[in-house]
Structure formats: C-alpha cells, structure tokens
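Report on the structure given below.
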Amino acid sequence: MWMIPGQNQTRVSEFILLGFSSDPTTNSILFIVFLLIYLSSVLGNGLIILLICLDTHLHTPMYFFLCILSLLDMSYVTTTMPQMLVHLLAKSQTISFAGCWIQMYVFGALGITECTFFVVMAYDRYVAICHPLRYTVILKWDLCIWLAAATWICGFLFSLLHTFFTMSLPYCGPNKVNHYFCEGPSVRSLACMDTHLIEMVDLVLSVFVVVTPISLIVASYVYIAKAILKIKSTQGRCKAFSTCASHLTVVTLFYGPSTYIYMRPNSSYSAERDKQISLFYNAFTALLNPVVYSLRNKDIKRAFLKVVGHGRVD
C-alpha cells in the first residue's frame, strides 16, 4: 500500500483474488477441471476459425461473423482463465493495481464487443431470411467489415468508461477481492467511499450495452418469425428456423447471466453467487459456442472432414 498525498489514508497497490477455495486439494481438482475447460474452449474456437479460413465455401458473411465470434470467445476466456489457473496452484493470489486495471478493461471491452456483435449476427440472420434474394447485395464485404469494426470500437470505448470510473475510486483496504478475476462489481465493493454515483453511471452504460442490443435482437427476430410463418412448407419453416437456433442459443447463454451480474441492484450482491454466474458466461459460453454452432451445421462438418481428408458430408 502507499499513502495518499495530503491524507491519512493508504491506497492499495495490489489486490488479492480469493478465487473459489483455500483448500489445496480442492484447488488441485479445480485446476484440472478448469484447465480442460480452457483448452477445450481455445481448441474448439480455434478449429472453427481454422476451418472457416481454409474452406473457401465458408467465405460468406455468416461464417465471417462466426469466425469473429470464435476469436472473441478465445480472447475473452484467455483474459481470465490462465491467471486463475496459476492462482489455483500458487501460494500467492495477488494482482497489481495496474494489472487489475488492465484485466478489467480488456475483459469488459471483449464482453461489450460480444454483446453488440450478437446484434450484427441477428441482422445477418434477418437479411438471410427476410431478404434471401438480396442477401449478397445488402451484406457486401465492406459493410461486414465496417459492422465488425464498429462493435470492437464500441466495446473498447464503453469499457474504458466503466474501468476508469471503477478504478478511480479510492481503495484504502481491505484489498481482498472475493472473485477469481478483477470484475467491476467485486472490486468496487472494496472502495472506501460511497459508490452510488458510480453505480448509476454503470447502470446507464449497462442500458446501452445490454438492454439496447437485446431490444434490437428481439426486434430482428420478430421480423424473422413473421417471415418464417409466411413459408408454406413445413420443411422450409424448419430449415429457416434451424439457421437461427444456434444464434438464439448462444445469445441466451451469454445474455442471461451477464444481465444478472450488471443489471441487478447492488443490494442483491452475493460474492459467491456472482463468481459462479460469471464463470458460466465467461468460461462455459466460450466452451459451448463451438459445440452449438458445429453439431447441427453441415457446412462446418463438411469443412472439417475435408481438412482431415475424409471427403464430404451429404
């Protein structure tokens, strides 16, 4: 800790991440479990990126967006999991103030980017189903690249505001964060001043990065549902719905827990519950997304079999 100039208070220079358990045996078991989850997440998303890059048949807007989603998931889980794995085995669970700042910023930036990117993917499905004959005309490559870049810019700008307001609070001790990484609400609970104003700022930001994207996604799927209901054949309806099912699944898996963490009132804060929920939308969604998008996707299966030399999938 260091002294705050002109005050009789000290400011913490590092935080201690308490993680999930203080028992060495439990931590060893958790290390194996989380290591498998992390490796599976990276390999699964990395495989999707590789297949999309190698197979020219997958060079379409839909798979371009899926490739970016996989890149986001890989980066997202890598922001927190490697450090958590080290802390599970190490005697010291400290992270410097600057390190906490950076982790919170990058984690928030990638999370917000993914939030807004789901809107882009919903728009892609809207154009594919509601305007199938004009799909390639509307979603030109320059527009796809612009949309993807805009989501990254929004993510890193909004996260900068969130991180700046949180980390500019005075932290005089204690410095034990009851979490496995530097997540905003957990760190903010240690501030030695009233945080209601910062919580209001965070709530406003959350409206922009959570409520607005969800509203746009719902609006897209209202139009998609209307278009699907106009399809006369049952087979055609099922085919149209199946193209949206994967996106709806990952949106639900991501938005459900993240909305609870960042939109709930501060009075309902529970450190243990928040750790478990954040682990789900951080680690498990990155693990499940490749599974969700590949199990029922013949194009991905075909590309995989082509790469390993087993021909095509009918």
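The analysis underlying the following values was restricted to heavy atoms, covering all of them including side chains, and did not include hydrogens, waters or symmetry mates.
- With Tyr105 contributing its side chain and Phe156 its backbone, the two residues share a donor-acceptor pair below 3.5 Å.
- Annotation for Tyr171 and Leu169: closest pair CD1-O, 3.1 Å, computed over non-hydrogen atoms.
- Interatomic distance, Tyr76 OH to Thr285 OG1, rounded to the nearest 0.5 Å: 7.0 Å.
- Thr94 and Glu14 make their closest contact through CG2-OE2, 3.8 Å (heavy atoms, listed as atom of the first residue, atom of the second, distance).
- Under the 2.5 Å cut-off for SG-SG separation, Cys53 and Cys67 do not qualify: their sulfur atoms lie farther apart than that.
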- Test log, rule side-chain contact (heavy atoms from CB on, under 4.5 Å), inputs Tyr63 and Ile300: CA-CA 9 Å; Tyr63 290 107; Ile300 294 291; 4.0 Å; yes
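- Side-chain atoms of Tyr38 and Thr78, non-hydrogen and from C-beta on, do get closer than 4.5 Å to each other.
- Defined by atom type and a distance below 3.5 Å, a donor-acceptor pair is present between the side-chain atoms of Tyr135 and Asp124.
- Residues Cys244 and Arg125 approach most closely at SG-CB, 4.3 Å, considering heavy atoms.
- The cationic atom of Lys176 (NZ for Lys, CZ for Arg) does not lie both less than 6.0 Å from the six-membered ring centre of Phe15 and within 45° of the ring axis.
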- Query: Yes or no on side-chain contact (heavy atoms from CB on, under 4.5 Å) for Leu58 and Thr56, after CA distance, side-chain angles and deciding distance?
  - Reply: CA-CA 5 Å; Leu58 301 181; Thr56 54; over 6 Å; no
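- By the 4.5 Å heavy-atom criterion applied to side chains, Met62 and Met121 are not counted as neighbours.
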- Message: Go through it in stages, so that I can follow the logic: the residues are Phe64 and Trp141, the test is ring-ring contact (aromatic ring centres under 6.0 Å, His included), and I'd like the CA-CA distance, side-chain angles, deciding distance and then a yes or no.
- Response: CA-CA 9 Å; Phe64 170 69; Trp141 280 112; 5.5 Å; yes
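- A donor-acceptor contact shorter than 3.5 Å is absent between the side chain of Ser186 and the backbone of Cys182.
- Not a single donor-acceptor pair under 3.5 Å links the side chain of Ser40 to the backbone N or O of Ile37.
- Between the OG1 atom in Thr252 and the NE2 atom in His247 there is a gap of 9.5 Å [rounded to 0.5 Å].
- A distance-only check finds a donor-acceptor pair linking the side chain of Ser70 to the backbone of Leu66 [under 3.5 Å].
- When side chains are defined from C-beta on, Val187 counts as touching Met104, because their heavy atoms get closer than 4.5 Å.
- Under a 3.5 Å cut-off, the side chain of Tyr255 and the backbone N or O of Cys115 do form a donor-acceptor pair.
- Under the 3.5 Å distance criterion, with hydrogens and angles disregarded, a donor-acceptor pair is assigned to the side chains of His131 and Tyr126.
- Under the rule for a side-chain hydrogen bond (donor to acceptor under 3.5 Å, both in side chains), the partners of Ser278 that lie at least two apart in sequence or sit in another chain are His179.
- No donor-acceptor distance shorter than 3.5 angstrom exists from the side chain of His87 to the backbone of Tyr180, with no hydrogens or angles considered.
- Checking side-chain atoms of Asn289 against main-chain N and O of Val250 turns up no donor-acceptor pair under 3.5 Å.
- The distance from the CZ atom of Phe20 to the CG atom of Leu88 is 8.0 Å, given to the nearest 0.5 Å.
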- Check step by step if side-chain contact (heavy atoms from CB on, under 4.5 Å) holds for Val120 and Thr151. CA-CA 8 Å; Val120 175; Thr151 61; 3.6 Å; yes
- How far apart are the C-alpha atoms of Phe181 and Met84, what are their side-chain angles, what is the distance that settles it, and do they pass the side-chain contact (heavy atoms from CB on, under 4.5 Å) test? CA-CA 7 Å; Phe181 74 100; Met84 181 183 70; over 6 Å; no
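- A distance-only check finds a donor-acceptor pair linking the side chain of Gln103 to the backbone of Thr79 [under 3.5 Å].
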